[in-house]
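Before any comments, here is the structure.
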Amino acid sequence: MDVTPILDGLNDVQRQAVTAPPKPALIIAGAGSGKTRVLVHRAAWLIEVEHVSPQSLLAVTFTNKAATEMRGRIETLLKIPVQNLWIGTFHGLAHRMLRLHWQEAGLSKNFQIIDSDDQLRIIKRLLKNLDVDENQWAPKEIQWFINGQKDEGFRPKDINDEGDLNRKQLISFYDSYEKICQRGSLVDFAELLLRAHELLRENKNLLQNYHRRFRHLLVDEFQDTNAIQYSWLKLLAGDKGVPFVVGDDDQSIYQWRGARVEHINHFQKDFTDTNIIKLEQNYRSTETILNAANAVISNNNSRVGKNLWTEGNVGESIKVYSAYNERDESDFIVNRLREWIDQGNARTDSAILYRSNAQSRVLEESLINAQIPYKIYGGLRFFERSEIKDALAYLRLISNQDDDSSFERIVNKPTRGIGARTIEILRNYSRENACSLWQATDAILNQSLSNRAKKSLNEFILLIRRMTSEVENMNLHDTVDHVIHLSTLVNFYKKEKGDKGETRIENLAELVSAAKSFEIDVSEDISPLDKFLSHAALEAGEGQAETWEDCVQLMTMHSVKGLEFPLIFMCGMEDGLFPHQRSIADSSGLEEERRLCYVGITRAKQILYITYAEQRRLHGIDNFSQPSRFISEIPNEYIEEIRPKVQRVLPVHSNNIKQKMYTENELGIKLGQRVHHKKFGDGVILNCEGQGASTRVEVNFEQSSGTKWLVLSYANLDLM
DNA sequence: TACTATTTAATTTTT
DNA sequence: TTAAATAGTA
């Protein structure tokens, strides 16, 4: 057996990981240390050298992209396609299991997956049904609560209300929400995981089968696992399964979504005799960039601890630019980009990173002015577009008529005279009789309805019935095409003014071709339509209709994880923006921001620019802020400060500045000034607006969370 | 029912 | 600033 291709080009530690004995392994893999590489080669090693059947391997990732890439790389390495090797996302694999064992899981055969948008709609409707004031109970927070509980593995009955009425109410919302989903055969993302976990936990035979089957579990981005994912892994591994997990605690940036880095420590306890291997050699960045990243992250306390090193060049200093305002900042970035591109570099090798999406607007304007093509990551994805979701709702209603969520979405789209009144009657009936809206129509048609409404509703019912029967023997893409045709959605969008409707119609056409190219495995016991619908929910589709072009990449610091670029700009590096205001207060929040910063810095291969604006217009008002504390955590030796060479034209909002300075002087208030308030205690002034008697200041008080706006003339602040 | 005016709130988002 | 959601009007 020639093992050279599998071990070639790996360093000693990587090799050690790849060839590790079959016992639990925890690989701590620093940024750019070849984490995916190790995972891929490990899989190849097991199959090729240890003669483990691909069937006994399970590989889990977080994104579809990572899963696809991993499969591709394994196949390239082994030079053969690996069938019956389970590689997928947690959600994808959970979904697969639920489809296979829908009965044991307590689902109907044609259950549908809903995305967070659908979920929110359901919650909103639920609140309306219960006659709850949305101002008192924000739907988003209820959604947050439900998903949070599911991520932790809790059903409503498992949650203690702790005598808290608020909590009690939330639990009851969760309970009602669950009933709605169960009735409509709807499964949200978190539910996929929770169900799959319960499925294995409650069905010993099934679990034993999987235990016999899966001997090796490979896990990517282990630091991002939430409680339910980790439990599922443990359950699946059992006593004999061998987990091989790869992660980096310093790149844990999704704790706010339920990810628990602590699993890295738990792992060593839960699996005895764990082999711990640290990959610390970085192959990506220059020494300067790497040292800077190390220096920043060393300010965090809760770390496993490792030190990345490189044999690479020292490289260029990190350039820090202090801009007057956000316009100046983006112009600077665009100028530097221009120079870099003119030197013959590919635009696609550069990326601009920001903390929050709203920051992209100014950058876009400058890029458009300079005529530099760019691409923004993280916008609406194909299957999330509303016209696509409309079409899908028709298809879902055909597959499952009890899907109230889809019913409501399209019952009057295009408008067919079924107004709020009629729907209200339907809702009432369905609530009182605990049936779906579809079922309610039957009863309602025979009762209390005006003739007009009755006619409209009846037409809708007939339309869905007609679609259902006509589509019965069609293949997938004809089905999609036919349903879109019968729905008359195209006509509906034609009426929309502007070229928006045009795009929507194009997207609908694109949906048909997506269905055309969708591969169906007929051996599986699921209808092609249901499979397509699940696919749509699970893989929202990165830009289906987009053409590839050489362009500058714009994205948030979160979405850049896992990528690398020769040239990186990190912009908006100001305290309050990054670290974000809402994370500054507590140390765990701040540490997560710092990890995010670490992720950002370590994306750069050769050149890193860091920029901040002294003045930034946010939500329509001007803010002054300090450079991000993370900048000062980078040792000076790695930094080259760039000062504007020429005095620029005065900043755009010069009037405001004059006003602001005036009031500041007049009242002795300046940003950063410490103050004392009788009720709120001590705090720091973050912001100031208005003038004279109506001057208001934003103060961050130490005792309370968040900040408060106070009118100076009433607040009686004492300067400290 | 559909359009327009007003109000409100504003991190990050793998699935 | 702005986008989205709601309330009010034709």
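In what follows, chains are A, B, ... by sequence order, proteins preceding strands, each numbered from 1. What you are looking at is a predicted structure, and each value in this text was computed from that prediction instead of being measured.
Comparing atom distances between the Asn412(A) side chain and each of dT1(B), dT12(B), dT15(B) picks out dT1(B) as nearest. Of the candidate nucleotides dA5(C), dT15(B), dT11(B), dA5(C) has the atom nearest to the side chain of Lys124(A). Closest to the side chain of Arg355(A), from the set dT15(B), dT11(B), dT13(B), is dT11(B). Distance from the side chain of Ser116(A) is smallest for dT15(B) among the nucleotides dT11(B), dT13(B), dT15(B). Among the nucleotides dT1(C), dA3(C), dA5(C), the one closest to any side-chain atom of His619(A) is dT1(C). Nearest to the side-chain atoms of Trp256(A) among the listed nucleotides dT13(B), dT15(B), dT1(C) stands dT13(B). Closest to the side chain of Ser559(A), from the set dT1(B), dT13(B), dT15(B), is dT13(B). Considering only the side chain of Thr89(A), dT15(B) comes nearest among dT15(B), dA3(C), dT12(B). Distance from the side chain of Thr415(A) is smallest to dA2(B) among dA2(B), dT11(B), dA3(C).
Nucleotides dT11(B) and dT6(C) place their C1' atoms 25 Å apart, quoted to the nearest Å. Nucleotides dT13(B) and dA4(C), compared at atom P, are 16 Å apart to the nearest Å.
The nucleotide dT12(B) finds no pairing partner, because no Watson-Crick or G-U wobble arrangement with both distances shorter than 3.5 Å includes it. Pairing for dA10(C) goes to dT1(B), judged as Watson-Crick or G-U wobble with the two contacts each under 3.5 Å.
Nucleic acid contact for Tyr254(A): base, since at least one base atom lies under 4.0 Å from a heavy atom of the residue. At the heavy-atom level, Gly562(A) lies nowhere under 4.0 Å from the strands shown. Residue Asp115(A) is classed as having no contact, given no heavy-atom separation below 4.0 Å to the nucleic acid.
Relative ring orientation between Tyr230(A) and His263(A) is described as parallel, the plane-to-plane angle staying below 30° on a 0-90° scale split at 30° and 60°. Between Phe532(A) and His535(A), the ring planes lie parallel to each other; the angle is under 30°, not in the 30° to 60° tilted range.
We find that CG of Asp117(A) is positioned 9 Å from P of dA5(C), with the value rounded to whole Å. The distance between atom CG of Leu353(A) and atom P of dT12(B), rounded to the nearest whole Å, is 14 Å. We find that CZ of Arg327(A) is positioned 13 Å from P of dT1(C), with the value rounded to whole Å. What separates CD of Glu592(A) from P of dT12(B) is a distance of 14 Å, to the nearest Å. Between Gln255(A) atom CD and dT12(B) atom C1' the separation is 13 Å, expressed in whole Å. To the nearest angstrom, C1' of dT12(B) lies 13 Å from CG of Asp224(A). Computed from coordinates, the Asp188(A) CG to dT13(B) C1' distance equals 15 Å when rounded to whole Å. Between Leu618(A) atom CG and dA9(B) atom P the separation is 18 Å, expressed in whole Å.
Under 4.0 angstrom from either OP1 or OP2 of dA10(B) there lies no side-chain N or O belonging to Ser356(A). Listed pair Arg582(A) / dT12(B) fails the phosphate criterion, with no side-chain N or O lying under 4.0 Å from OP1 or OP2. Between Arg361(A) and dA3(C) there is a side-chain polar atom (N or O) within less than 4.0 angstrom of OP1 or OP2. Contact between the side-chain N/O atoms of Asn357(A) and the OP1/OP2 oxygens of dT11(B) is not found at any separation under 4.0 Å.
Using a 4.5 Å cut-off on side-chain heavy atoms (C-beta onward), Thr422(A) and Val411(A) make no contact.
For Arg603(A) (side chain) and Val599(A) (main-chain N/O), a donor-acceptor pair under 3.5 Å exists by modelled atom type. Formation of a donor-acceptor pair under 3.5 Å by the Asp220(A) side chain with backbone atoms of Leu218(A) is not found in this model.
Of all the heavy atoms in His558(A) and Leu596(A), the pair that sits closest is CE1-CD2, 3.4 Å.
With centroids closer than 5.5 Å and planes inclined by less than 30 degrees as the test, His558(A) and the base of dT12(B) fail to qualify as a stacked pair.
Comparing Glu593(A) and Ile418(A) by the nucleotide of DNA chain B that holds the closest heavy atom to each, the one mapping nearer the 5' end is Ile418(A). Each of Leu538(A) and Ile253(A) was assigned the nucleotide of DNA chain B with the nearest heavy atom; the assignment lying further toward the 5' end belongs to Ile253(A).
When the options Ser583(A), Ser302(A), Ser252(A) are evaluated for a side chain to side chain contact (heavy atoms under 4.5 Å, CB included) with Glu591(A), the one that passes is Ser302(A).
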